Chemist: 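Sending over a structure as structure tokens; questions will come in a sec.
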2 protein chains.
Amino acid sequence: MSSLRSLDENLISHIPPFRKLERVDIREILDAATPKRFSAGQAIFEEHEPAERFFLLLDGHVRVIRTTASGDQVIARHIVSGELMGIASAIGRTTYPASAVAIDDCLVLFWPTSLWKTFVEKYDGFATETYKTVGERISEANNHILELATQQVEQRVARALLRLAIQSSRITDEGMEIDFPLTRQNISEMTGTTLYTVSRLLSAWEKQGIVNSGRKKVIVTEMNKLKTLADLDPMADS
Amino acid sequence: MSSLRSLDENLISHIPPFRKLERVDIREILDAATPKRFSAGQAIFEEHEPAERFFLLLDGHVRVIRTTASGDQVIARHIVSGELMGIASAIGRTTYPASAVAIDDCLVLFWPTSLWKTFVEKYDGFATETYKTVGERISEANNHILELATQQVEQRVARALLRLAIQSSRITDEGMEIDFPLTRQNISEMTGTTLYTVSRLLSAWEKQGIVNSGRKKVIVTEMNKLKTLADLDPMADS
DNA sequence: GGGGAAGTTTGTGCTAGAACAACCTATTCG
DNA sequence: CGAATAGGTTGTTCTAGCACAAACTTCCCC
């Protein structure tokens, strides 16, 4: 895909915030967008930076990170293709509340923040859909708080893996393989524990045949057993 | 104040989401509002209930609570007078994500959720202001996650008390007294610990002259020392 | 192809803070 | 007023999970 040619409408026409729009609107939106590639490890935007752009991840995986004064890192969430990011502007912020780092090679579109207002006013359904996204992220955050405050490390790690397996995995003959590189350290930063504890848990689960993991790789082989560990009803799907 | 007489415009004219509005608009908004009193302990709305109304707290204090399947409670936040609550509709939710309970006697106004859309469209500035509120709550939630994931109990409790002292206290000759009843149990539910640990911390701090606490009562006598414990710069005000 | 570098595993303390228990004190209300 | 109840304190025990160390494995790239 060359950034010289104009972008294909099918790129975004199926993505929630744009789904309800007419072809002409999509055309307009794409013409205003700048595509950009990021390679693994590159920062897409940084915490505290002025929020001058908002982004749509077209391909790849992004980690959203916050860092404390004392240097500890926490992974707030993972963004998968089709999701908007850096939508601080939507909620009246002028700086990004967290940093976004490309996990693998990523393709994103971005727009200047000044266009946010236009999008909301001009394109029907865009506002509703994106505010729904904001709502979902609040819920996620609150669930995370509940987990951190009430659950044991084992449950939290189980839940984190389940979420990733559901959100972003490919089916292999072994099970559901999380489809981006993920280290013990990463998992510990998602769950507020240490890489050592995660390693021990994964080793134990491997012996019980629940997961199958390797360097930067986790395959969930027994979803239901993992759900039991997460203290979720193993019968409930999704 | 009688609910039979029409509501005084001054009630809400200074509150952020309404501040920029004309008198006529305020009049309209008030005429559409229903006032209601809640006595200490009463639930204003419950988690999972359909979000049929949104509220403005005019007087009193409200606790926002989430409960886990296993019965643990977590206090998500405290609402003080002048704040909106139950604004699930703003973010495309159809049910309340948490329960709201009156801590002391409260006076609230409420409107049917169906009016939300009207408010946003009709009253300029209402949308911007409320989305800013939503944004602040996301930040709060994310900060809470960061704290739970990286800090010791002592720091978390110190921060929780600091926040309350700043948000909702009266100045007495002893120091800043949190102006609503607050138990050790409550504090533990805000910080993801146990009432025993909170009790020990408060006892220790009392000996050091940092706080002065009693039954359902906490007075912060030495803000700066508490800030040091919270690992925040004691020089930074607000 | 060999030497880092990055990621993982596992062992051995050790301690923050949870759990439980027992008792104490302030409030409330019949 | 006096019993019941809600809230608070403090002692003791115990363990989940952190910290640190050391060795191992996989990958990458010069």
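Being a predicted model, the structure only gives us computed values, none of them experimental. Letters A, B, ... are given to chains in the order of the sequence lines, protein chains preceding strands, and every chain is numbered from 1.
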Chemist: Which of parallel (below 30°), tilted (30 to 60°) and perpendicular (above 60°) describes F55(A) and F110(A)?
Modeler: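 Tilted.
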
Chemist: For DNA chain C, which nucleotides open and close the run of contacts to chain B, 5' to 3', at under 4.0 angstrom from a non-hydrogen atom?
Modeler: dA16(C) to dT27(C)

Chemist: For nucleotides 16-19 of chain D, which of its nitrogen or oxygen atoms have a protein nitrogen or oxygen under 3.5 Å away, and what is each distance?
Modeler:
from, atom 1, to, atom 2, distance (Å)
dG17(D), OP1, V153(A), N, 2.9
dC18(D), OP1, T193(A), OG1, 3.4
dC18(D), OP2, T193(A), OG1, 2.5
dC18(D), OP2, T194(A), N, 3.3
dC18(D), OP2, T194(A), OG1, 3.1
dC18(D), OP2, T197(A), OG1, 2.7
dA19(D), N6, R200(A), NH2, 3.4

Chemist: Output the distance between atom OG1 (T191(A)) and atom CD (Q155(A)), rounded to the nearest 0.5 Å.
Modeler: 12.5 Å

Chemist: Please report how far the helix from dG1(C)-dC30(D) to dG30(C)-dC1(D) bends, comparing the axis fitted to its first five pairs with the axis fitted to its last five, to the nearest 10 degrees.
Modeler: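 Between the axes fitted at each end of the helix from dG1(C)-dC30(D) to dG30(C)-dC1(D) lies an angle of 40°.
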
Chemist: Pairs under 3.5 angstrom only: tabulate donor-acceptor contacts from the side chains of residues 136-146 of chain B to other protein residues two or more places apart or in another chain.
Modeler:
from, atom 1, to, atom 2, distance (Å)
R137(B), NH2, L84(B), O, 2.8
S139(B), OG, R93(A), NH1, 2.9
S139(B), OG, G135(B), O, 3.2
E140(B), OE1, R77(B), NE, 3.2
E140(B), OE1, R77(B), NH2, 3.4
E140(B), OE2, R77(B), NH2, 3.3
N143(B), OD1, R66(A), NH1, 2.8
N143(B), OD1, R66(A), NH2, 3.1
N143(B), ND2, S139(B), O, 3.4
H144(B), NE2, M190(B), O, 3.2

Chemist: For L195(A), which contact category applies under a 4.0 Å heavy-atom criterion: base, sugar-phosphate, or nothing?
Modeler: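 Here L195(A) touches the bases of the nucleic acid.
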
Chemist: In chain order, what residues pass the side-chain hydrogen bond (donor to acceptor under 3.5 Å, both in side chains) check against Q151(A), with sequence neighbours excluded?
Modeler: R159(A)

Chemist: Can you pull the salt bridge (Lys or Arg N to Asp or Glu O under 4.0 Å) pairs that have at least one residue in residues 195-207 of chain A, sequence neighbours excluded?
Modeler: none

Chemist: Base, sugar-phosphate alone, or nothing: which one does S203(B) contact when heavy atoms must sit under 4.0 Å apart?
Modeler: sugar-phosphate

Chemist: Verify whether one side chain among D179(B) and S168(B) offers a donor that lies under 3.5 Å from an acceptor in the other.
Modeler: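 D179(B) vs S168(B): donor-acceptor pair found between side chains.
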
Chemist: Report the C-alpha separation of E154(B) and W205(B) in whole Å, then their side-chain angles, then the decisive distance to 0.1 Å, and conclude whether the side chain to side chain contact (heavy atoms under 4.5 Å, CB included) test is met.
Modeler: CA-CA 10 Å; E154(B) 183 172 45; W205(B) 293 346; 3.4 Å; yes

Chemist: Can you name the residues that form a side-chain hydrogen bond (donor to acceptor under 3.5 Å, both in side chains) with T197(B), not counting sequence neighbours?
Modeler: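 With neighbours one apart ignored, the set is T194(B).
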
Chemist: Taking T113(A) for its side chain and A51(A) for its backbone only, find out whether a donor-acceptor pair lies under 3.5 Å.
Modeler: yes

Chemist: Side chain of S213(B), backbone of V218(B): donor and acceptor closer than 3.5 Å?
Modeler: no

Chemist: I need the residues from residues 207-220 of chain A with at least one non-hydrogen atom less than 4.0 Å from DNA chain D; give them sorted by number, or say none.
Modeler: R215(A)

Chemist: Looking at T150(A) and D72(B), would you say the former's side chain and the latter's main chain have a donor-acceptor pair under 3.5 Å?
Modeler: no

Chemist: Show every salt bridge (Lys or Arg N to Asp or Glu O under 4.0 Å) that has at least one partner inside residues 162-172 of chain A, sequence neighbours left out.
Modeler: E147(A)-R163(A), R170(A)-E177(A)

Chemist: Near DNA chain C, under 4.0 Å by heavy atom, which residues of residues 173-185 of chain A?
Modeler: T183(A), R184(A)

Chemist: ring-ring contact (aromatic ring centres under 6.0 Å, His included) with H61(A): which residues, sequence neighbours excluded?
Modeler: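 Partners of H61(A) by the ring-ring contact (aromatic ring centres under 6.0 Å, His included) criterion, ordered by chain and then number, come out as F180(A).
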
Chemist: So how far is it from L107(B) CG to L57(B) CG, rounded to the nearest 0.5 Å?
Modeler: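 Nearest 0.5 Å value for the CG-CG distance: 8.0 Å.
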
Chemist: For Q167(A), enumerate each residue passing the side-chain hydrogen bond (donor to acceptor under 3.5 Å, both in side chains) test, keeping only those at least two apart in sequence or located in another chain.
Modeler: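 Counting only residues at least two positions away or on another chain, Q167(A) forms no side-chain hydrogen bond (donor to acceptor under 3.5 Å, both in side chains).
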
